[in-house]
Amino acid sequence: MPDLTADTAVTAAGAALWNWRADEDVLVVRAGPAPVLAHLDGSWRLAAFLDRIDGLARSMVAGQLRNGAAGDVVDARMTLSNGCPAHLV
């Protein structure tokens with residue numbers, strides 16, 4: 001798969017691109033420079049990423065990623081550890 005890049009439209013929307021690599025248990029996030037998401041930019045082991053979100057959403061996010069099949073819809077609303085709301089789709 002080609003590298004993900006957050007283009008200006010994604011950045012202007014206050015969004016980020018993400019890719020779940022189930023075989024590696026890694027979530028890759030490409031966020032623009034917006035302060036709300038910039039701290040999430042990078043490749044994350046799932047456990048490390050889950051530390052960046054509110055505890056109540058951790059099991060939901062982990063379950064949707066680990067138990068889903070390729071092409072399944074992910075729809076997880078959460079609060080980041082900095083208090084900002086986020087929606088992983």
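Hydrogens, waters and symmetry mates are skipped; everything else that's a heavy atom, side chains included, is used.
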Quick check for you: to the nearest 0.5 Å, what is the distance between Phe49 atom CZ and Trp20 atom CH2?
10.0 Å
Please report the interatomic distance CG(Leu37) to CG(Leu80), rounded to the nearest 0.5 Å.
7.0 Å
Identify every side-chain donor-acceptor pair in residues 52-64 under 3.5 Å, counting partners at least two apart or on other chains, and give the distances.
{"unit_1": "Arg52", "atom_1": "NH2", "unit_2": "His39", "atom_2": "O", "d": "3.4"}
{"unit_1": "Asp54", "atom_1": "OD2", "unit_2": "Leu56", "atom_2": "N", "d": "3.3"}
{"unit_1": "Arg58", "atom_1": "NE", "unit_2": "Leu50", "atom_2": "O", "d": "2.8"}
{"unit_1": "Arg58", "atom_1": "NE", "unit_2": "Ile53", "atom_2": "O", "d": "3.0"}
{"unit_1": "Arg58", "atom_1": "NH2", "unit_2": "Ile53", "atom_2": "O", "d": "3.1"}
{"unit_1": "Gln64", "atom_1": "OE1", "unit_2": "Asp75", "atom_2": "N", "d": "2.9"}
{"unit_1": "Gln64", "atom_1": "NE2", "unit_2": "Asp75", "atom_2": "O", "d": "3.2"}

What pairs with Asp25 under side-chain hydrogen bond (donor to acceptor under 3.5 Å, both in side chains), at least two apart in sequence or on another chain?
Arg66
Reported CG-to-CG distance for the pair Leu88 and Leu40, which is rounded to 0.5 angstrom
10.0 Å
Using 0.5 Å steps for rounding, measure from the OG atom of Ser43 to the CG atom of Asn19.
9.5 Å
Distance check, rounded to the nearest 0.5 Å: Arg30 atom CZ versus Asp41 atom CG?
5.0 Å
Taking every non-hydrogen atom, the tightest pair across Trp44 and Val29:
CD1-CG2, 4.2 Å
For Val26 and Arg45, run side chain to side chain contact (heavy atoms under 4.5 Å, CB included): C-alpha distance rounded to whole Å, both residues' side-chain angles, the deciding distance at 0.1 Å, then the answer.
CA-CA 5 Å; Val26 169; Arg45 301 288 302 172; 3.9 Å; yes
